[in-house]
**Student:** 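Below is one structure. I have some questions about it.
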Amino acid sequence: MSDKFFFKGRQDARQSHISYGYNTKASHKLGSKKHPLTLVVTSEARKLEVEAQAAEARLFAEVTVDSNEGAVESITELTTLLNKGNTVTQEKTPERNEPCSCGSGKKYKKCCG
């Protein structure tokens, strides 16, 4: 039987956006002044090296030195930001009636198209 004949109560016109898993708060960008990277290194020389890498990439980082025997270096945040790929841009092909990009002076449809 059809559900339209039975009263189920008022249906909410606007569904809750929280139930779908959307992040309602804007995410923060790591490496900015407000949210610097937190890095741990094992020596002072390595600290200077990591600070130089962060400065070259224009990132802000808080580098601490942990010189204990079982200390582990933690710079994964920096390496992921440095290895992040750049945006790939492709050159637009000219329209049929535009001059050809090879420099011949002919229309694209008569030369390379």
Side-chain angles (χ1 to χ4, degrees):
M1 217 169 166
S2 176
D3 287 343
K4 68 181 181 180
F5 296 112
F6 297 100
F7 180 72
K8 293 196 226 175
R10 181 184 166 119
Q11 296 211 352
D12 193 11
R14 180 172 176 244
Q15 298 283 330
S16 176
H17 61 281
I18 298 170
S19 66
Y20 295 111
Y22 295 122
N23 186 7
T24 56
K25 295 185 179 184
S27 62
H28 57 275
K29 182 180 176 188
L30 284 176
S32 63
K33 282 184 180 180
K34 192 172 184 180
H35 302 283
L37 301 171
T38 53
L39 310 172
V40 178
V41 294
T42 55
S43 67
E44 285 291 329
R46 183 73 174 137
K47 178 181 178 181
L48 295 174
E49 190 177 312
V50 169
E51 285 177 344
Q53 286 179 347
E56 183 179 325
R58 296 186 186 134
L59 297 171
F60 293 94
E62 294 176 357
V63 184
T64 57
V65 177
D66 188 10
S67 59
N68 295 336
E69 268 189 40
V72 178
E73 190 170 89
S74 170
I75 59 167
T76 54
E77 295 175 344
L78 179 65
T79 54
T80 54
L81 287 176
L82 292 178
N83 293 335
K84 189 176 173 184
N86 293 335
T87 306
V88 177
T89 57
Q90 294 181 341
E91 205 172 302
K92 183 184 166 198
T93 57
E95 298 283 328
R96 292 191 73 221
N97 290 324
E98 290 180 1
C100 189
S101 60
C102 69
S104 64
K106 296 180 181 180
K107 289 184 179 181
Y108 180 72
K109 66 181 179 184
K110 298 270 185 175
C111 183
C112 296

**Student:** Does Lys109, at its NZ atom, have more than 12 non-hydrogen atoms belonging to other residues, nucleotides or ligands within less than 6.0 Å?
**Tutor:**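 Buried by this count: over 12 neighbours within 6.0 Å.
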**Student:** Measure across Glu95 and Tyr108 and return the closest heavy-atom pair with its distance rounded to 0.1 Å.
**Tutor:**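 Closest approach of Glu95 to Tyr108, heavy atoms only: O-CB, 3.5 Å.
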**Student:** Run through Thr38, Ile75, Leu78, Leu39 and flag the one making a side-chain contact (heavy atoms from CB on, under 4.5 Å) with Val63.
**Tutor:**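 That would be Leu39.
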**Student:** Just to verify, what does Glu98 make a salt bridge (charged side-chain N to carboxylate O under 4.0 Å, His left out) with, not counting sequence neighbours?
**Tutor:**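 Checked Glu98 against salt bridge (charged side-chain N to carboxylate O under 4.0 Å, His left out); zero matches.
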**Student:** If you round to the nearest 0.5 Å, how far is CG of Leu37 from OG1 of Thr79?
**Tutor:**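 Going from the OG1 atom of Thr79 to the CG atom of Leu37 covers 10.0 Å.
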**Student:** Mind listing the closest non-hydrogen atom pair of Val65 and Glu44 along with its distance?
**Tutor:**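 Taking Val65 first and Glu44 second, the nearest heavy atoms are CG2-OE2, 3.5 Å.
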**Student:** With a 4.5 Å limit on heavy-atom distance, are the side chains of Thr80 and Leu30 in contact?
**Tutor:**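 When only atoms from C-beta onward are counted, Leu30 and Thr80 do not touch, as no gap falls below 4.5 Å.
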**Student:** Out of curiosity, Leu81 CG to Gln53 CD, how far, rounded to the nearest 0.5 Å?
**Tutor:**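 Atom-to-atom, Leu81:CG and Gln53:CD are 12.0 Å apart.
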**Student:** Got Glu49 and Val41 here, is their nearest side-chain heavy-atom distance under 4.5 Å?
**Tutor:**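 They are not in contact (no side-chain heavy atoms under 4.5 Å apart), so the answer is no.
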**Student:** Indicate the atoms forming the closest heavy-atom contact of Lys107 with Arg96, along with that distance.
**Tutor:**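 Reported closest heavy-atom pair: CB-O, 4.1 Å.
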**Student:** CG/Asn86 to NZ/Lys84 distance, rounded to the nearest 0.5 angstrom?
**Tutor:**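 Interatomic distance, Asn86 CG to Lys84 NZ, rounded to 0.5 Å: 9.5 Å.
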